[in-house]
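Lettering of chains follows the sequences in order, A, B, ..., and the numbering in each one begins at 1.
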2 protein chains.
Amino acid sequence: MSRNDHRPLTLRDVSEASGVSEMTVSRVLRNRGDVSDATRDKVLRAAKALGYVPNKIAGALASQRVNLVAVIIPSLSNMVFPEVMTGISRVLEGTDLQPVVGVTDYLPEKEEKVLYEMLSWRPSGVIIAGLEHSDASRAMMRASGIPVVEIMDADGTPVDAMVGISHRRAGREMAEAILAGGYRRIGFLGTQMPLDHRARKRFEGFTQALAKGGVEMADHEFYSGGSALAKGREMTQAMLTRSPDLDFLYFSNDMIGAGGLLWLLEQGYDIPNCIGLAGFNGVELLQGLPRRLATMDACRAEIGRRAAEIIVARTRGEAAETSVILKPQISYGDTLRRP
Amino acid sequence: MSRNDHRPLTLRDVSEASGVSEMTVSRVLRNRGDVSDATRDKVLRAAKALGYVPNKIAGALASQRVNLVAVIIPSLSNMVFPEVMTGISRVLEGTDLQPVVGVTDYLPEKEEKVLYEMLSWRPSGVIIAGLEHSDASRAMMRASGIPVVEIMDADGTPVDAMVGISHRRAGREMAEAILAGGYRRIGFLGTQMPLDHRARKRFEGFTQALAKGGVEMADHEFYSGGSALAKGREMTQAMLTRSPDLDFLYFSNDMIGAGGLLWLLEQGYDIPNCIGLAGFNGVELLQGLPRRLATMDACRAEIGRRAAEIIVARTRGEAAETSVILKPQISYGDTLRRP
DNA sequence: CTGAAAGCGCTAACAC
DNA sequence: GTGTTAGCGCTTTCAG
């Protein structure tokens with residue numbers, strides 16, 4: 001008599017418990033179509049009493065609709081992607097769509113796998129970091145027939161739509177600001193970038209703008225792995241030992257920049273006169289540092305927001321922008337002399 | 001003749017393109033059962049040529065198996081949960097299970113909603129932060145019939161299984177170490193904790209152990225929102241202005257502790273003699289600080305690992321531990337005098 | 001306002 | 001090795 005096996009509950013169980021047809025139960029549970037208050041009440045009561053949780057698998061198969069948006073990013077521990085997620089969530093919360101995150105660890109093969117896995121759930125849209133993807137990945141996205149927004153970068157051509165900043169331009173503008181500040185012996189400290197295309201583009205834009213200003217990069221150093229703050233210290237020390245005459249250090253992200261800043265302060269360097277420094281991202285962390293590090297905001301939250309808005313619009317069949325290029329501003333902070 | 005509509009591809013399309021039955025195509029694509037190399041090849045070729053991506057919705061409905069593990073955590077921007085995720089992923093990567101993350105923002109109602117949404121996809125297991133949940137949430141987890149592991153905390157009774165540390169004990173042990181170091185005028189700085197049960201338990205354990213040692217907490221202050229590093233600075237300054245005779249500051253997390261440390265160093269305090277300090281979590285960031293902050297490792301990666309291992313075992317029908325209580329160790333760093 | 005029938009795209013279970 | 005049949009639990013569509 002009693003349901004002592006552990007078969008999950010189905011619509012049919014609710015139907016039998018309430019004496020209402022499965023179809024009408026379904027309508028009540030989805031708030032679709034007109035149902036009398038009396039039946040609605042009976043159904044809701046029965047569903048709650050049983051502890052029924054609908055089976056979205058079956059629902060999705062029948063309706064051919066999945067209210068999921070695949071969000072594919074390189075890393076969670078970066079401090080940059082959580083903010084993008086916040087922007088996305090904020091927008092999607094006002095709809096029936098839900099973000100689902102996949103992480104690629106900056107590996108193209110893993111990106112391909114994650115994309116494949118996520119597409120096999122037939123989501124309503126894809127938001128994916130970067131414009132560089134394997135041919136197979138690009139093919140999958142094109143073939144999916146759903147809206148795809150590539151984010152964070154604007155130097156390239158998207159499969160479908162893109163929202164981001166130009167990292168080449170970001171590097172260029174920072175170089176120009178540094179030169180305008182009168183610095184000439186400039187070092188670069190960054191991540192090893194074979195797979196971080198955005199860092200690479202900033203580096204390229206940076207060196208090109210320096211060259212245009214008649215300045216050659218005096219020194220550079222790349223790291224991988226480990227605590228970014230600690231790496232920033234170590235690399236700064238190493239570089240200044242090697243090239244003591246540097247008057248500026250450009251870090252490819254704020255965390256290593258913060259490490260460098262802390263080390264320089266301890267050593268008693270005169271910032272920004274004897275030596276200047278700048279990072280990239282505009283992370284909240286910087287606000288607690290002894291000096292405000294010069295940086296450039298990567299517009300993370302806005303990128304998330306705009307990308308989600310495009311997905312939402314397209315899901316509703318509305319037209320939407322296909323290329324949103326944001327313009328980040330330099331913050332001079334206390335570590336970069338103004339012109 | 002050509003497939004110029006945008007209907008997604010089905011097994012049937014691959015079957016027709018390869019001249020092999022749907023069933024055999026399915027077997028090939030899943031590596032199930034014996035298939036001759038010749039047919040396997042035909043199928044793989046056709047699938048790739050078409051760009052076929054299987055429909056997991058249909059597969060899951062038919063097989064009653066969903067290879068997803070729901071991971072429900074309060075926040076991504078915390079620096080603590082990404083590490084837990086890493087532990088989980090590491091273990092699941094060796095299986096066919098995949099983590100799916102849901103975020104609750106420390107809100108019980110949101111937790112309930114997220115849990116409901118995730119359970120409606122019929123995952124193979126649930127890993128959820130904390131032991132405090134609404135009655136409805138607990139009921140859902142119990143009724144789901146799938147393995148549920150509550151993580152991060154061990155002060156309480158799990159619905160099914162738990163992996164964590166005792167935060168009461170963590171607070172207690174830190175208090176004992178501080179007293180053993182000879183400190184007596186102790187201040188507490190933390191997050192506003194109505195909803196962060198683990199921070200609350202640390203606070204409780206801490207004050208109780210102080211009381212047992214005959215010491216009353218000399219001052220305390222709570223914050224919410226904003227940059228943790230900056231808040232740490234501000235609160236430290238405020239507290240020492242108000243209570244200049246304090247000889248120890250216990251911070252409820254490492255980020256605000258780091259902020260406090262930076263401020264104290266700037267002010268020229270003699271650490272750890274004139275004043276000591278300690279945080280909680282053991283975050284990687286600390287390694288880049290001018291001094292190593294005393295802290296206690298929250299065993300984040302191991303918690304993730306052990307929780308995932310339990311899910312994997314149970315999914316395979318094997319027995320598994322139901323209560324894993326990890327014992328975090330104090331790191332004295334450079335900011336807490338040893339006994 | 002409510003119900004009955006017919007699938008959604010795949011896989012379990014069984015033939016051959 | 002390979003194919004056939006019958007659903008999985010819902011929603012769509014069409015009758016009343």
Strictly below 4.0 Å: does Gln64(A) bring a side-chain N or O up to OP1 or OP2 of dT12(D)? no
Length of the CZ-C1' vector between Arg7(B) and dC8(C), whole Å: 13 Å
OP1, OP2 of dC10(D) versus side-chain N and O of Ser26(A): anything below 4.0 Å? no
Do Arg138(A) side-chain atoms and His133(A) backbone N/O form a donor-acceptor pair below 3.5 Å? yes
Can you say whether a donor on the side chain of Arg27(A) sits under 3.5 Å from an acceptor on the base of dG3(C), or the other way round? yes
pair Met162(A)-Asp153(A): side-chain heavy atoms closer than 4.5 Å: no
Kindly say if Thr10(A) contacts the phosphate of dG9(D), meaning a side-chain N or O under 4.0 Å from OP1 or OP2. no
Asp41(A) CG - dC1(C) P separation (whole Å): 15 Å
Atom-to-atom span, CG of Leu11(A) to P of dG9(D) - whole angstrom: 11 Å
For the side chain of Ser120(B) and the backbone of Asn55(A), is there at least one donor-acceptor N/O pair under 3.5 Å apart? no
Interatomic distance, Lys42(B) NZ vs dG1(D) P [rounded to whole Å]: 15 Å
Give, ordered by number, those residues of residues 31-39 of chain A having at least one heavy-atom distance below 4.0 Å to an atom of DNA chain C; if nothing qualifies, reply none. Asp34(A), Val35(A), Ser36(A), Thr39(A)
Of all the nucleotides listed (dG9(C), dA12(C), dC8(C)), which has the minimum atom distance to the side chain of Ala58(B)? dG9(C)
Is there a side-chain contact between Asp160(B) and Met141(B) in this structure, where contact means two heavy atoms from C-beta onward sitting under 4.5 Å apart? no
So does Ser21(B) get a side-chain nitrogen or oxygen closer than 4.0 Å to the phosphate oxygens (OP1/OP2) of dG3(D)? yes
Can you tell me the distance, in whole Å, between the CZ atom of Arg12(A) and the P atom of dA5(C)? 13 Å
In whole angstroms, how far is the P atom of dT11(D) from the CE atom of Met23(A)? 7 Å
Between Tyr52(B) and dC10(C), is there a side-chain N or O to OP1/OP2 distance below 4.0 Å? yes
Taking atom CD1 of Ile73(A) and atom CD1 of Ile128(A), what is their separation to the nearest 0.5 Å? 11.0 Å
Starting at CD of Glu22(A) and ending at P of dT2(C), how long is that distance when rounded to a whole Å? 16 Å
Any idea which heavy atoms bring Ser26(B) and Leu11(B) closest together, and the distance? CB-CD1, 3.9 Å
Round to the nearest Å and state the distance from Asn67(B) atom CG to dC10(C) atom P. 16 Å
With a cut-off of less than 4.0 Å, is there a side-chain N or O of Arg30(B) near OP1 or OP2 of dA12(C)? yes
State whether Glu16(A) and Arg12(A) are salt-bridged, where the test is any N-O pair (Lys NZ or Arg NE/NH1/NH2 against Asp/Glu carboxylate O) under 4.0 Å. yes
